[in-house]
*Asks:* 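Mind looking over this structure? Questions follow.
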Amino acid sequence: MPVRQWDPASKAKIVLEGLKGKPETAICKRHRIKPAEYRRWRKEFLAKVASSFVSPRRPSREGDERSKALRVAQDLIEVLPIPVFFKARDGRHLGANKAWEAYFGVRRESFIGKTVEELFSQAPEVAAKHRAVDEELWRNPGARSYELQVPVRDGSVRHTLNYKATFTGADGEVAGLIGTIIDITERKRAEQRQAIEHRVSRILSESETVAAAMPGILAAFCESLGWACGARWSMDPKIGAFGCEEAWSVDDPDIATFLAASRQSNYQPGHAGFIRRVLGTGQPVWIVDVSADDSFLRGAQAAKAGLRSAFALPIRLGDQVLGAMEFFHRERRLPDEWLLETGVTIGNQIGHFMARVQAERELREGEARFRSLTALSSDWYWEQDEHFRITSMSSRFLERTGIDPALYIGRKRWEQPALNLTESDWERHRAQLERHEPFFDFEIERPGPDGTSVWLSLSGEAVFDEGRRFRGYRGVGTDVTDRKRAQGVLRAAYEELARSNAELQQFAYVASHDLQEPLRMIGSYTQLLERRYGDRLDKDAREFMSFIVDGATRMKQLIEDLLAYSRVGTRGKEMRPVQAQAFLDKALVNLRAAVEQSGAAVTHDSLPEVNADDTQLAQLLQNLVANAIKFRKRNEAPRIHVGVEDAGDEWRFSVADNGIGIEPQYFERIFLVFQRLHTQDEYPGTGIGLAICRKVVERHRGRIWVESVYGEGSRFHFTLPKIQKGET
Ligand code: ADP
């Protein structure tokens, strides 16, 4: 194969491919040249280009062809997108291309002739590193590459990969070096961010609380990025204030003092401030110079601790701001989007962690609550699967009922005998479960262990998984055997009471009814005796006879009253809405003679419609007004007022008089059958009127009572429930 002859322009092009970053092996393979050959070309090329930058252009001694190639190379370097510079053996810069100017933000005129120390006067450590590599190259000519962080014009710091190679002059001696700079900031940052996130993830996974994790996270952040200190702030909604929780700093007593001061005070939301803004907006805040920012309350203290720039970021969970982190740098730092983004990502990581810790704590608490609930309750807990088979029952079931739960586990509720439920009861229960409805107090009577039965009351609700898929039922059960038995006893007692009451009513009725007949006989035969044999009887006998007649008359009255009393219960009519006013009017008509004779003045409010047995209502009002007339004072005409008041659910009636009044010890007794406070001679009566009143009122679901000042008058009250809407 003929060996290819390379012209200088082609060689220059190939070397430039390498300078643009293409790997040497790829170049050699493509152009089928040996690496040693390529390196030789690069050396020649750099030396030529460099010396042409160094020395003013002059006609080439080596002919037109070569000077043309050199020009091509120079032009190419000028427009090359990577920064290229040249330095003389004395360390002073000779020149640079356009990309270099753009990268550093400096015109080349202002830099030619300067040393690295002069160029990087703000960053002596950068100058020192460059200088060291240069010295090394002067000693051992060749090529070197190294990474370095350099500050550029806009104040930001870039990660660079520096490549330098020496070139020789016409005399074959090392005359200077040519260098290129590849900006690897993006890659470096991606690596750094990944490393920080990784470290944070590890710390979080190993920590149980955010308080335990924070110092490590703050340290990871500060150490990887060169910041001096950091702290976490959290909002305490209970006290409505936020405070500094954990902090980390480089070893520096002044910074430690500053952080300690931060941790001592609580800040109220509403003050101007750095953290408040982050908590309020959920957005990061950057302060270039802490001492120059009025809104930063701790600015003076931070400056005193030697801190300069600061930024703070939210710790968030979705839209919720759970807290903030702040970081301080000793030097002036301009807002750095990348840094903020990284910080916000970490803030989110912490936010998720906090939410998880919180959820886990709530879960633990919920479980503890459930455990104590089941341990302390006399009820048991049960679960059913999606086929309604009982899957578990807490131990309380056996303890309470004595029934072996094994009988039920794995079975459906209706597969076991229930003494109180029919097939259609079960059908209804099953349908409810099929609809996934909750059920309450579903009562089942089960055969108990010792031949008796056990009453269970079950309540349950359907359970669904995250996908809203039906998973079964769960609920509680309680042993209601005692209640059921007590209810049975109570019902029996009630029935017995109702029966004996009815019997008594019947007895009173029959007795009083049947007593009337022999009494009439006594009365009529005594009268007959008097008529036929009166003239043959002496004065004493006639007097005795009149006592018998009186006694019989009184007894007749008593029996009639007793009959009337017993009829209140047995002969009552249905309740219907009636105008109470009409029945008061009727009662007053019946009492007209007594009213006129006593000179009574009866006044009344206008009475409402009530739900009542009209005959009994008339009797009630008549008895009360009649008493008010009867028990008047000897020397004063009765003044009687029938009133009514609206008392919410009921009407409160009253019949007030200015009569003789009642002593308080009799307030209860007067409502009993045949109880009276006076003799027949003083005030006639049988003592049954108020007993009837009470029975009537109670039948109407009301109450009756009296208020009185002895010697001044009485006021009888009774209530009647109001007519409810829809009641007829
Ligand atoms: P009677 O009127 O037949 O005596 P009641 O049952 O109506 O029977 O009344 C019982 C007792 O209550 C009366 O004997 C009387 O002592 C007392 N009493 C009832 N109403 C009044 C009243 N308005 N003023 C004073 N005492 C009364």
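In listed order, ligands and their atoms are each counted from 1.
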*Asks:* Given side chains that start at C-beta, do those of Glu650 and Arg703 come closer than 4.5 Å, heavy atoms only?
*Replies:*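 Contact flag for Glu650/Arg703 side chains = yes.
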*Asks:* Could you walk me through whether His700 and Phe718 pass ring-ring contact (aromatic ring centres under 6.0 Å, His included), step by step?
*Replies:* CA-CA 10 Å; His700 286 76; Phe718 67 90; 9.3 Å; no
*Asks:* Quick one: which ligand 1 atoms are inside 4.0 Å of a heavy atom on Ile688?
*Replies:*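 Matching atoms, with element in brackets: 6 (O), 8 (O).
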*Asks:* Once rounded to the nearest 0.5 Å, what's the spacing between atom CD1 of Ile403 and atom CE of Met393?
*Replies:*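 Between atom CD1 of Ile403 and atom CE of Met393 there are 8.5 Å.
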*Asks:* Heavy atoms only: which of Val655, Leu690, Leu672, Val673 lies closest to atom 9 (O) of ligand 1?
*Replies:*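 Among Val655, Leu690, Leu672, Val673, the closest heavy atom to atom 9 (O) of ligand 1 comes from Leu690.
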*Asks:* Would you tell me which option among Thr686, Ile662, Ile670, Ile640 has the nearest heavy-atom contact to atom 11 (C) of ligand 1?
*Replies:*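 The option holding the nearest heavy atom is Ile670.
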*Asks:* Any atoms of ligand 1 less than 4.0 Å from a non-hydrogen atom of Gly661? List them with their elements.
*Replies:*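 In order of numbering, the contacting atoms are 25 (C).
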*Asks:* Under 3.5 Å, is there a donor on one side chain and an acceptor on the other for Asp479 and Thr481?
*Replies:*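 There is such a pair between these side chains.
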*Asks:* Can you tell if the side chain of Phe544 reaches within under 4.5 Å of the side chain of Leu537, non-hydrogen atoms only?
*Replies:*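 No; the side chains remain at least 4.5 Å from each other.
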*Asks:* Looking only at distance, does Ala691 have an N or O less than 3.5 Å from an N or O of ligand 1?
*Replies:*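 There is no such contact.
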*Asks:* Hey, do the aromatic rings of Phe397 and Tyr381 have their centres closer than 6.0 Å?
*Replies:*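 No; Tyr381 has its ring centre 6.0 Å or more from that of Phe397.
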*Asks:* Nearest protein heavy atom to atom 4 (O) of ligand 1, by residue and atom, and its distance?
*Replies:*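 Ranking protein heavy atoms by distance from atom 4 (O) of ligand 1, first comes Arg676 NE, 2.8 Å.
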*Asks:* Output the distance between atom CZ (Phe442) and atom CZ (Arg413), rounded to the nearest 0.5 Å.
*Replies:*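 Result: 7.0 Å between the selected atoms.
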*Asks:* Below 4.0 Å, non-hydrogen atoms only: which portion of Phe716 touches ligand 1? Side chain, backbone, both or neither.
*Replies:*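 Contact part for Phe716 vs ligand 1: side chain (C-beta onward).
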*Asks:* Would you check if there is a donor-acceptor pair between the side chains of Arg474 and Gln384 at a distance under 3.5 Å?
*Replies:*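 There is no such pair (donor and acceptor under 3.5 Å, judged by atom type) between the side chains of Gln384 and Arg474.
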*Asks:* Suppose I only count heavy atoms of Gly687 and a 4.0 Å limit; which atoms of ligand 1 are within that range?
*Replies:*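 In order of number, 1 (P), 3 (O), 4 (O), 6 (O), 8 (O).
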*Asks:* If you measure from OG1 on Thr615 to CG on Leu620, what distance do you get to the nearest 0.5 Å?
*Replies:*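 Between Thr615 OG1 and Leu620 CG, I get 12.5 Å after rounding to 0.5 Å.
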*Asks:* Which heavy atom of the protein is the closest neighbour of atom 16 (O) of ligand 1, given with residue, atom name and distance?
*Replies:*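 Nearest neighbour among protein heavy atoms for atom 16 (O) of ligand 1, to 0.1 Å: His678 CD2, 3.2 Å.
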*Asks:* Any donor and acceptor pair, going by atom type alone, linking the side chain of Arg592 with main-chain N or O of Val589 inside 3.5 Å?
*Replies:*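 No; judged by distance alone, with no hydrogens or angles, the pair does not exist.
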*Asks:* Counting heavy atoms only, which part of Gln675 comes closer than 4.0 Å to ligand 1: side chain, backbone, both or neither?
*Replies:*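 Gln675 to ligand 1: backbone contact only, side chain stays beyond 4.0 Å.
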*Asks:* Look at atom 21 (C) of ligand 1 and say which protein heavy atom is nearest, naming residue and atom and giving the distance to 0.1 Å.
*Replies:*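 Answer for atom 21 (C) of ligand 1: Phe631 CD1, 3.4 Å.
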*Asks:* With a cut-off of 4.0 Å, which atoms of ligand 1 are near a heavy atom of Lys630?
*Replies:*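 With Lys630 as reference, the close atoms of ligand 1 come out as 1 (P), 2 (O), 3 (O).
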*Asks:* Among protein heavy atoms, which lies nearest atom 19 (C) of ligand 1, and at what distance?
*Replies:*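 Going atom by atom, the protein heavy atom closest to atom 19 (C) of ligand 1 ends up being Asn627 ND2, 3.5 Å.
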*Asks:* Does the cation-pi check pass for Arg430 over Trp414, that is, NZ or CZ under 6.0 Å from the six-membered ring centre and within 45° of its axis?
*Replies:*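 Verdict for Trp414: a cation-pi partner in Arg430.
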*Asks:* Taking non-hydrogen atoms only, is Asp657 closer than 4.0 angstrom to ligand 1 via side chain, backbone, both or neither?
*Replies:*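 The side chain, only.
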*Asks:* Less than 4.0 Å is my threshold; does some heavy atom of Phe671 fall inside it relative to ligand 1?
*Replies:*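 Outside the 4.0 Å threshold, so no.
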*Asks:* Which of the numbered atoms in ligand 1 are under 4.0 angstrom from any heavy atom belonging to Gly685?
*Replies:*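 Per the distance check, 3 (O).
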*Asks:* Work out whether the distance between some heavy atom of Ser714 and some atom of ligand 1 is less than 4.0 Å.
*Replies:*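 The answer is yes, since Ser714 has a heavy atom less than 4.0 Å from ligand 1.
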